[in-house]
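A quick write-up on the structure given underneath.
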There are 2 protein chains.
Amino acid sequence: MPTSIKENYLKALHYLSLQSSEISVTELGNAMDVSKPTVNVMVKNLASKGWVVHEKYQPIRLTPEGKRAAAKVIRKHRLAELFLYQVMGFGWEEVHAIAEELEHVKSEYFFQRMDEMLGQPLFDPHGSPIPDASGHMPSTHYILLSQVAVPCKVVVKAIADSSPEFLIYLNEKNIQLGTELTLIHKEAFDGNLTVSFNHCDKAILSQSVASRLLVDSVSETTKSKKHR
Amino acid sequence: MPTSIKENYLKALHYLSLQSSEISVTELGNAMDVSKPTVNVMVKNLASKGWVVHEKYQPIRLTPEGKRAAAKVIRKHRLAELFLYQVMGFGWEEVHAIAEELEHVKSEYFFQRMDEMLGQPLFDPHGSPIPDASGHMPSTHYILLSQVAVPCKVVVKAIADSSPEFLIYLNEKNIQLGTELTLIHKEAFDGNLTVSFNHCDKAILSQSVASRLLVDSVSETTKSKKHR
DNA sequence: TTGCAAAGTTAGATATATCTAACATATTTT
DNA sequence: AAAATATGTTAGATATATCTAACTTTGCAA
C-alpha cells in the first residue's frame, strides 16, 4: 500500500504521462512542488516498489503496475468528487479540494458503497472518466476546444482544469457539461473564440479558456449519444 | 493544526481522562501502542503546542485547549460515524473503523455539510454525544449496566465499546439503543445478569457485557424523555 | 530506612520525506 | 568543438515519529 504522499506522486506521474510517457525529474518536481533531489530519492523508492522504471540520467516512466496504482487513487478521487456533488450537494467548484483528502482513505468499503449509491457512475462532475476498481483507466477521445476548426458545433464534455477559479468562471458564463457551443469566429491574432449557446447566450472565450474545455463535435447526423 | 498522529494522542488522552485527569506515560503508551520514550517525546511536543501540561516525573494532564482540540477530533469521528450509518447505510459495527480515517480530514466544509444533512445530531450510532463545533464535549450521566442494582428497569442509552465484535454480539442478541431491559436477577458469584426485553426475549448478560452497556434507569413515573 | 521494582527519562538509531549546496552529465548555442 | 546552460545526482542536514538500551527517579515493602 502506498503512503498518501506516494499516492500523490503516482497521480502526478499519471497526469504528466498524458503528455508524454517519458517524464523528467524536473517536470515531476514542478508538479509536486518539491526539489529535484527530493524527486530523485522518491523515484528510487517508487522504482523499488515496481511503480516506475528509472535509470540514471534517463526519463522516468510508469510501469503497468504503477499505472494501475495511479488509476486506483484517481478512481477514489473521482468517486469522492461525484459523491460530494451528487449526494452531499457541494458545487462542482468545491469538490476537488475535499476529494484530494478523501482519495487517501484506505477503506475499500467506503468507496464501494459510494460506487453503489451512485450507480456505478462512469464520469465525475467535471466529465473525467472514473477508472474501474481493478485500476483500469477508461480512454476518452475528447478534443480541446482550442483545437477545433471554426465554424463548427461542439458539446462540452469535460473540464481539463478543476480549479475553483475556472469552474466559477464557467458558472458565471453559464457553461456546463453538455452545453452545446456554436463556434462562430476564431480571432487569428489571439485565438479568442466567439461562441453562442443555450439558444441566446453569446460569449468570447479566450485561448486560455478554450484550452481548458474538452469537447466532442456534434455531427450533423446526430448519431453518437453514448455517455452523459 | 495537529497532525493526524497528534490527533490520535489527543483522543487517547481524552478517553484516559475519563478515568482520571492525571495520566501516566505508561498508560498513554499502552493506549497508543507505542513505547514510553515515544510518549515522552510526543508529550513534550504536545506540551509545546499547549495541549498538555507535563513536568518531569509528573503525570500528564490535558489543558483546556487540549480538551477542546480532542473534542473537535471526536466531533469529526462521531459525525462521520453517524453519516456512514444514516446516509451511507453502513452497520453500526462497521462505522468505527472508517470514521477512524475520516476524522483526520481537514476540510471543515465536509463536516459542516454532514452536520447539516444529519440535522445537527446530538448522538452518534453508539449513543455517544457529538461535541459542538467549538469543541465543547457534552456531558452524559448514563451508568454502566454492571453497576445497576437488581431488580430494576433500564434503557440502553450508549455503548462503551464500539468494537465490531461487541456490536455484532448485540446484533445477535437483538439489543439496540433504546432497548428496555428488565433486570431480573444478578448472580453474586460472577455478576451474570438475567434480563428480559422486547416483551419476550430473555438473555443472560455476562459481567463483561454489562460493563460495556451504558443505561439510564426507567423511572416508574415515566418523566424524562429528553434524548433519543 | 534501605533496597528494589516500577515508572520515567536520556541517548542514540531508524524510516520517511523533505531541504540546500556542491558536483556531474547532457544539451544547446555560438 | 568549446563554452554555457539546463538537467540530474550525491552528500549531508532537518523534522516527525518511532524504536532499543541504558540510566534515573519514585515509591512501596521488607
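Everything numeric in this text was worked out from a predicted model, so none of it was measured. Sequence lines set the chain letters: A, B, ... in the order given, protein chains first and strands last, and positions in each chain run from 1.
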Contact list for DNA chain D against residues 25-44 of chain A - heavy-atom distance below 4.0 Å: A:V25, A:T26, A:K36, A:P37, A:N40, A:K44
Can you give me the N/O atom pairs linking the protein to nucleotides 1-3 of chain D at distances under 3.5 Å, or say none if there are none?
none

Those residues at least two apart in sequence (or on a different chain) that pass side chain to side chain donor-acceptor pair (under 3.5 Å) with B:H14 are none
For B:D132, the salt bridge (charged side-chain N to carboxylate O under 4.0 Å, His left out) test, sequence neighbours excluded, returns none
Restricting to pairs with a member in residues 89-98 of chain B, which pass salt bridge (charged side-chain N to carboxylate O under 4.0 Å, His left out), not counting sequence neighbours? none
A:E22: which residues meet the salt bridge (charged side-chain N to carboxylate O under 4.0 Å, His left out) condition with it, sequence neighbours left out? A:R61
Inter- and intrachain pairs under ring-ring contact (aromatic ring centres under 6.0 Å, His included), touching residues 25-79 of chain B, at least two apart: B:H77-B:H96
More than 12 heavy atoms from other groups under 6.0 Å of CD on B:E55: no
With sequence neighbours left out, what residues match B:A210 under side chain to side chain contact (heavy atoms under 4.5 Å, CB included)? B:L145, B:S146, B:L193
Sequence neighbours left out, what passes side chain to side chain contact (heavy atoms under 4.5 Å, CB included) with B:N40? Give chain and number order. B:V25, B:K44
Comparing A:S4 with A:Q58, nearest DNA chain C nucleotide closer to 5' gives the residue A:S4
All side chain to side chain contact (heavy atoms under 4.5 Å, CB included) counterparts of A:K72, not counting sequence neighbours: none
Contact boundaries on DNA chain C for chain B, cut-off under 4.0 Å to non-hydrogen atoms: C:dA7 to C:dA11
With A:V209, which residues qualify under side chain to side chain contact (heavy atoms under 4.5 Å, CB included), at least two apart? A:F166, A:Y169, A:L205, A:S206, A:L213
